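Notes follow the structure.
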Amino acid sequence: MTDVRVRFAPSPTGSLHVGSARTALYNFLYARHVGGAMVLRIEDTDLKRSKSAHDTSIINDLAWLGLRADEGPDVGGPHGPYRQSERAHLYEAAVQQLLATGWAYPCFCPQELLEERKEQQLAAARMPKYDRTCCGLSPTEVDGRFAAGEEAAIRFRVPDGDVTFADIIHGPITFSSDVIGDFIIKRTDGGYSYNFAVVVDDAGMEITDVIRGEDHITNTARQMMLFAALGKPAPRYGHHSLILAPDGSKLSKRHGATSIGDFRSLGYLSAAMVNYLALLSWHPSDEREKFDLEELVQEFELGRVSKSPAIFDIHKLNWLNGLYLRELEPATLYAAIEPYLRARGINLALVQREVVAEAVQANLVVLGDAPQYAAVFVDEVDPATCAHAESLLEPGADMLYQLAREIFGNMANEFLPVPEARDTLKRLVELAKEQGLKGKAVYHPLRVALSGREEGPELFYLVAGLGKSRILARLKAAAEFVDRRTGPEPKALV
RNA sequence: GCCCCCAUCGUCUAGUGGCCUAGGACAUCGCCCUUUCAAGGCGACGGCGGGGAUUCGAAUUCCCCUGGGGGCACCA
């Protein structure tokens, strides 16, 4: 056990993005690895963009990934509340403290003026920075303007000097405070700014380590100044790289799936997702690639997290997903693909389910692929009119279908268990071979007759999963097709 | 424009001055297995962005350039 406390602090502006998911994962792994705790904090300071529906979807996505926070809005804890929208009193107290200690001051500058000045600075090729117009206002002047009904925001007075911190991932990083203007901590509308709320919360929740994306790296300087002004110890910081799209740009909706929800509904398994996200910039000390959550907790170290940005490559995720998919027991696999089958109108008989699951297993990249492979077990198939009908005409096929109809006609039940299906098929093949047919002349026409396709699961799966009546019907259609084409009446001479 | 971060195969990465003729994985290609498709096995292709400096010796250290990313809000 250690006193390490980390937090994952998403703002509920949508469902969990893969980038945020990875941040959550790294926080979770880091905390668990050292026996610390993770808190979930919802940063809904911007009520306009926040929806409560989103925070439940984020909690669901985290749960799906297996990342349970030790404290949070759903599970409670001693440092709540865990939604920023419910913590206004704490922020206000901190604002009053900074005002009282001279670290903050009211600013009456109207927004339009601020923007104008910013544009001027930009035009003059300087870093935009508040010019401290209101910094030197006397108390009486301030009181006077408030009395006159003027509204003010509250700014933090940033101290001179450099701010340096030892980033856990990057090493030492230094900012000169003169690139940082006095920033707002409380808006005119009464809301509290992000950088400020975060500090009050991290302090209040006794966070020891902040693990977040590189996009926050410049916030760190401001936040550390705030900690110092508030008289609180700053946490350690670690900034991991961002996830980029294959073209090197920021990952966005136009690149396809980007949220955990997207991947989940496409049929990726959470185990694969977690494994992939971990590997995206972390690397174990050996060359293993496959890790479950527990193993990750065991092995994960921030020191082995890469500093460079990582491109999201669907291929590796696909590979991992296939790996996990192929490990599933037939019953589990069936349960996982069932919703996808149902959505495509594929309803399998109880006895078919595990057979079909097993039959399609090796072909799946994602669960959503299941219907296209399972369709052959339920679709109406007429071998005579399928695209590969010509393959039914293999020499000796008429005899083959005859043989097959006899053998399958003797099936005691509609469905045969896989081992028996395998035996029955073997018997058929042997008989056909006795009649002089080569293996290929058996398997190929038989496959087309049974499925109307030239590729698909092993034949014995077809025999087991199709059921007696479909098998017989398709064989009959195939036999009739052969008769029609090679029957007594001579082929058209054309 | 200014500030910060980053830079090894197409992609994720190993590598912390000699163990590197740069290792692994994904992708791609080939072969094998399979009388189908997959899956699986084996193999091939493929990389230290450029220039200086330090050193007996640099992928590894330093500087410059270039490239990429992030930030510069009364957004989070």
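Letters A, B, ... are given to chains in the order of the sequence lines, protein chains preceding strands, and every chain is numbered from 1. Quick caveat: nothing in here was measured; it's all calculated off a predicted structure.
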Fill in the blank from the handout: When both distances are under 3.5 Å in a Watson-Crick or G-U wobble arrangement, the nucleotide paired with B/rC31 is B/rG41

Fill in the blank from the handout: Side-chain atoms of A/Asp215 come closest, of B/rG70, B/rA76, B/rC4, to B/rG70

Practice task
Classify the nucleic acid contact of A/Arg447 as base, sugar-phosphate or nothing, counting any heavy atom under 4.0 Å across all strands shown.
Solution key: base

Exercise for the section: May I ask you to say what A/Gly456 touches in the nucleic acid, namely base, sugar-phosphate or nothing, with a heavy-atom cut-off under 4.0 Å? Expected result: base

Problem - Protein-nucleotide distance (A/Asp247, atom CG; B/rG68, atom P), rounded to Å - result: 12 Å

Exercise for the section: Kindly say if A/Arg304 contacts the phosphate of B/rG15, meaning a side-chain N or O under 4.0 Å from OP1 or OP2. Expected result: yes

Handout entry: Whole-angstrom distance between B/rA58 and B/rG15, as gauged at atom C1'
Key = 13 Å

Handout entry: Ring geometry between A/Phe291 and A/Trp282 (parallel below 30°, tilted from 30 to 60°, perpendicular above 60°)
Key = perpendicular

Fill in the blank from the handout: Of the listed B/rU36, B/rA38, B/rC75, the closest approach to the A/Arg187 side chain comes from B/rC75

Completion exercise
For B/rA7, the nucleotide meeting Watson-Crick or G-U wobble distances (both under 3.5 Å) is B/rU66

Problem - Base-contact (B) and sugar-phosphate-only (S) positions in nucleotides 5-12 of chain B, heavy-atom cut-off under 4.0 Å, - elsewhere - result: SSS---SB

Exercise for the section: Could you pull out all residues at least two apart from A/Tyr276 that satisfy side chain to side chain donor-acceptor pair (under 3.5 Å)? Expected result: none

Practice task
Considering only atom P, compute the distance from B/rC75 to B/rA27 and round it to an integer number of Å.
Solution key: 46 Å

Exercise for the section: Would you please name every residue forming a side chain to side chain donor-acceptor pair (under 3.5 Å) with A/Gln84, sequence neighbours left out? Expected result: A/Glu43, A/Thr45, A/Asp201

Problem - From B/rC37, B/rA76, B/rG40, nucleotide with atom closest to A/Glu455 side chain - result: B/rC37

Problem - Phosphate-side-chain proximity, A/Arg212 and B/rA76, N/O vs OP1/OP2 below 4.0 Å - result: no

Problem - Separation of B/rU13 P from A/Asp286 CG (nearest whole Å) - result: 17 Å

Practice task
Could you tell me which nucleotide pairs with B/rC72 by Watson-Crick or G-U wobble geometry, both distances under 3.5 Å, or answer none if nothing does?
Solution key: B/rG1

Practice task
Might you work through the side-chain hydrogen bond (donor to acceptor under 3.5 Å, both in side chains) test for A/Asp162 and A/Thr164, ending with a clear yes or no?
Solution key: CA-CA 6 Å; A/Asp162 291 352; A/Thr164 297; 5.7 Å; no

Exercise for the section: Taking the side chain as every heavy atom from C-beta outward, state whether A/Tyr268 and A/Asn318 have any atom pair closer than 4.5 Å. Expected result: yes

Handout entry: Check: B/rC37 base within 3.5 Å donor-acceptor of A/Asn363 side chain
Key = yes

Exercise for the section: Using a 4.0 Å heavy-atom cut-off across all strands, classify A/Pro10 as base, sugar-phosphate, or nothing. Expected result: nothing

Handout entry: Minimum-distance nucleotide (side-chain atoms of A/Pro128 versus B/rC72, B/rA39, B/rU13)
Key = B/rC72

Handout entry: Rounded distance in Å between the C1' positions of B/rG57 and B/rC20
Key = 13 Å

Handout entry: B/rU60 - base-pair partner by Watson-Crick or wobble geometry, distances under 3.5 Å
Key = none

Practice task
Identify, between A/Glu454 and A/Leu317, the residue whose nearest nucleotide on RNA chain B lies closer to the 5' end.
Solution key: A/Leu317

Handout entry: NZ/NE/NH1/NH2 to OD/OE distance under 4.0 Å, A/Asp202 and A/Arg41
Key = yes

Pairs under 3.5 Å (N/O, protein and nucleotides 41-48 of chain B):
none

Problem - Opposite nucleotide pairing with B/rA14, Watson-Crick or G-U, both atom distances under 3.5 Å - result: none

Exercise for the section: For nucleotides B/rC48 and B/rU16, find the distance between their C1' atoms and express it as a whole number of Å. Expected result: 15 Å

Problem - Of A/Lys250 and A/Asn219, the one whose closest RNA chain B nucleotide lies more 5' - result: A/Lys250

Practice task
State, with a plain yes or no, whether a side-chain heavy atom of A/Asn275 is found less than 4.5 Å away from one of A/Asp292.
Solution key: no

Practice task
For B/rA53 and B/rG41, measure between their P atoms and round to the nearest Å.
Solution key: 49 Å

Exercise for the section: For A/Asp167, report the nucleic acid contact type (base, sugar-phosphate, nothing); a contact means any heavy atom under 4.0 Å. Expected result: nothing

Practice task
With heavy atoms under 4.0 Å as the rule, sort A/Lys433 into base, sugar-phosphate or nothing.
Solution key: base

Exercise for the section: Under 4.0 Å between any heavy atoms, over every strand shown, what does A/Gln121 touch: base, sugar-phosphate, or nothing? Just pick one. Expected result: nothing

Completion exercise
Contacts of A/Glu151 meeting side-chain contact (heavy atoms from CB on, under 4.5 Å) (sequence neighbours excluded), chain-then-number -> A/Thr188

Practice task
Rounded off to whole Å, could you give me the CG-to-P distance for the A/Asp131 and B/rC72 pair?
Solution key: 19 Å

Problem - P spacing across the pair B/rG69 / B/rU8, given as an integer number of angstrom - result: 14 Å

Practice task
Give A/Leu114 one of three labels, base, sugar-phosphate or nothing, depending on what nucleic acid heavy atoms sit under 4.0 Å from its own.
Solution key: base

Exercise for the section: May I ask you to check whether A/Tyr26 and A/Phe8 place their ring centers less than 6.0 Å from one another? Expected result: no

Practice task
Would you mind reading off the distance between A/Leu462 atom CG and B/rA38 atom P, rounded to a whole angstrom?
Solution key: 17 Å

Fill in the blank from the handout: ring-ring contact (aromatic ring centres under 6.0 Å, His included) filter on A/Tyr334, not counting sequence neighbours, yields none

Practice task
Rounded off to whole Å, could you give me the NE2-to-C1' distance for the A/His283 and B/rA25 pair?
Solution key: 8 Å

Handout entry: Nearest-nucleotide pick for A/Tyr443, side chain only, options being B/rU35, B/rC74, B/rA76
Key = B/rU35

Fill in the blank from the handout: Separation of B/rC37 atom P from A/Leu450 atom CG, nearest Å, is 18 Å

Handout entry: Interatomic distance at P, B/rA38 relative to B/rC33, whole Å
Key = 16 Å

Problem - Distance, P atom - from B/rC63 to B/rA39, rounded to whole angstrom - result: 48 Å

Practice task
Quickly work out the A/Arg222 CZ to B/rC75 C1' distance and round it to whole Å.
Solution key: 13 Å

Practice task
Using atom CG of A/Asp44 as one end and atom C1' of B/rC75 as the other, report the distance to the nearest whole Å.
Solution key: 14 Å

Handout entry: Quiz item: cation-pi between A/Lys290 and A/Tyr324, 6.0 Å / 45°
Key = yes

Exercise for the section: Report yes if the distance between the aromatic ring centroids of A/Phe165 and A/Phe227 is under 6.0 Å, otherwise no. Expected result: no

Practice task
Tell me, please, whether A/Phe156 has A/Arg222 positioned over its six-membered ring: NZ or CZ under 6.0 Å from the ring centre and within 45 degrees of its axis?
Solution key: no

